[in-house]
Undergrad: 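Quick one: structure below, then a few questions.
In the text below, chain A, chain B and the rest are named by the order of the sequence lines, each starting its count at 1. Hydrogens, waters and symmetry mates play no part in the numbers below; they use all other heavy atoms, side chains included.
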Amino acid sequence: MTCPSSELLVAAAAPDAGQDVREQVADHLVACSRCAEEFRVLQELGAWATDHAHLVDESAQTSAAPTTRSSVWSASRFGSAWAYATAAVLVLAVAALEVQVQRLQRENRTLADRVQPAPTTPATTTPSPSPSAALETRVAEQQQKIVDLEQRLRSADAPDLNAPIIDLEPADARRSANAARQTPAIPAGARSVVFVLNTTRPDAGASYDVELVGPGNRVVWTGSGLKQSADRTLTLVVPRPLLADATRLRLYSTTGTRRSLVEQYPIPSIRP
Amino acid sequence: MKPPIRDVLAAPSGLDADRRLDELLTAYGVFLRNAVRRLCPTTLGVSIDEIEQDARIRLWHALKGERNITDPASYLYRIAATAAIDAMRRVRARREHQLDDLAGEEGTGTSIATGLSPAARSPEELAADRQTSDRIRDALSQLPENRRRAVGLHLQGFTSTEIGRLLGWSEPKARNLTHRGLKDLRRLLNPEGIDLP
């Protein structure tokens with residue numbers, strides 16, 4: 001069996017192929033799987049080629065190549081009308097910029113002439129502090145900050161004597177059962193406060209996120225990993241300065257990315 | 001006003017083949033390369049550059065022979081297609097030659113009856129396949145001409161749209177002839193114990 005030439009296959013795949021060519025090729029394809037495979041590729045690409053040939057034809061018609069050597073030379077030597085137009089616009093733009101620069105230079109010179117006599121006039125405004133005095137003030141402030149920080153660091157390393165321990169009940173429980181019971185105020189001199197948080201949801205070992213919240217629901221501090229002990233309480237030691245702005249303490253449980261409020265505790269006031 | 005490129009290409013007098021080739025490739029070079037890329041299967045290991053070069057040489061020969069090209073894009077597509085098919089055939093021929101050297105004269109075509117390559121089958125199975133293929137071929141030859149072509153192409157994997165496009169038929173006509181032809185073929189093959197899917 002002799003396979004038809006590639007030219008014949010391509011001719012049969014063309015839309016304008018004669019019926020005899022089509023049938024001749026079809027008779028061969030029935031018996032030859034390789035030519036059948038080749039022909040199917042040609043058929044699939046025929047539609048693509050028709051579409052693209054049309055587009056390329058249009059493009060070639062509009063941007064047709066020059067016909068003679070002289071026109072090729074002249075086009076490359078002198079360029080198109082668009083190139084001339086672009087060059088003209090650029091020249092005008094450069095000229096306009098040059099004028100603008102010269103005008104600004106003149107204005108500059110005029111302003112400089114006006115400013116020069118100024119030092120001879122007596123000063124009438126209030127004297128501002130000299131740069132060296134301002135610098136000295138800032139240095140003194142920074143040194144004071146450093147002293148404060150060192151003091152806090154030293155006290156943080158030392159044991160906290162007489163740290164108050166305050167039992168906190170959830171806000172809901174306080175409203176319902178022990179409304180009359182008063183939570184003691186935080187002593188003013190305390191460095192830190194130990195809060196024992198009681199919960200209405202016993203779940204020993206459960207871990208919670210904690211938030212100290214100030215007025216307007218502003219979060220003062222946040223942390224995670226607070227665990228419920230076997231006696232259904234949670235313990236949290238908070239430095240007193242942190243409590244200055246905090247009004248409530250909130251416990252959240254986290255499941256996946258979802259966080260839900262478990263308990264909310266009002267923070268007692270600091271004793272004056 | 002410049003004349004359109006197809007007039008330039010259709011008028012060989014006064015223009016040398018090299019310059020016409022340059023102009024044609026300037027306008028249609030990307031199209032030619034895209035056509036080659038689409039025609040060239042990546043699995044056969046055929047180089048796109050080689051096919052494109054072959055297509056350019058064919059084009060140059062055609063222009064040198066002062067052939068009038070009235071539809072450049074269509075002509076370039078045909079050149080790309082023939083170059084691609086010839087390249088594929090050359091690669092296949094080389095591979096078959098190597099396989100023949102290794103496996104003797106068993107043939108390498110895919111069996112029409114089983115769809116398996118001969119290398120994967122025993123000699124007895126190959127003989128049985130050949131018998132089945134011969135019977136199918138005999139039965140096909142008994143069908144009326146149009147049904148024979150429709151069913152034969154269907155068995156080669158052509159869809160009714162592709163069959164219609166090749167033979168200049170409408171798709172419903174191709175589908176109808178395939179359906180009737182298959183019915184005839186089953187009727188002829190069933191008594192011989194061959195079931196077509």
Undergrad: Under the side chain to side chain donor-acceptor pair (under 3.5 Å) test, which residues partner Asp134(B), sequence neighbours left out?
TA: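 In terms of side chain to side chain donor-acceptor pair (under 3.5 Å), with neighbours along the sequence ignored, Asp134(B) is linked to Arg137(B).
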
Undergrad: For Arg250(A), is there an ion pair with Glu263(A) - N to carboxylate O distance below 4.0 angstrom?
TA: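 Between Arg250(A) and Glu263(A) there is no salt bridge, as every charged N stays at least 4.0 Å from the carboxylate O atoms.
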
Undergrad: Relative to chain B, which segment of Ala13(A) carries a heavy atom at a distance below 4.5 Å: side chain, backbone, both, or neither?
TA: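 It is neither, since no heavy atom gets under 4.5 Å.
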
Undergrad: Can we say Glu145(B) and Arg149(B) salt-bridge, meaning some charged N sits less than 4.0 Å from an Asp/Glu carboxylate O?
TA: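 Judged by the 4.0 Å cut-off on N to carboxylate O distance, Glu145(B) and Arg149(B) do form a salt bridge.
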
Undergrad: Considering only heavy atoms, which portion of Leu9(A) lies under 4.5 Å from any heavy atom of chain B: side chain, backbone, both, or neither?
TA: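 Contact with chain B is through the side chain of Leu9(A) alone.
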
Undergrad: Where on Asp16(A) is there a heavy atom nearer than 4.5 Å to chain B: the side chain, the backbone, both, or neither?
TA: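 Side chain only.
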
Undergrad: Quick one: what part of Gln19(A) sits under 4.5 Å from any heavy atom of chain B, side chain, backbone, both or neither?
TA: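 Answer is side chain: those atoms of Gln19(A) sit under 4.5 Å from chain B.
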
Undergrad: Taking every heavy-atom pair that is under 4.5 Å apart, which of Leu166(B), Val151(B), Leu153(B), Ile85(B) has the most such pairs with chain A?
TA: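 Ranked by contacts with chain A, first place is Leu166(B).
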
Undergrad: Under 4.5 Å from any heavy atom of chain B, what part of Ala17(A) do you find: side chain, backbone, both or neither?
TA: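 Ala17(A) has no heavy atom closer than 4.5 Å to chain B.
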
Undergrad: Would you please name every residue forming a salt bridge (charged side-chain N to carboxylate O under 4.0 Å, His left out) with Glu141(A), sequence neighbours left out?
TA: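 Testing Glu141(A) for salt bridge (charged side-chain N to carboxylate O under 4.0 Å, His left out), a comparison that skips the adjacent residues, returns none.
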
Undergrad: Charged N to carboxylate O under 4.0 angstrom, Asp49(B) versus Arg33(B)?
TA: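 Yes, Asp49(B) and Arg33(B) are salt-bridged.
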
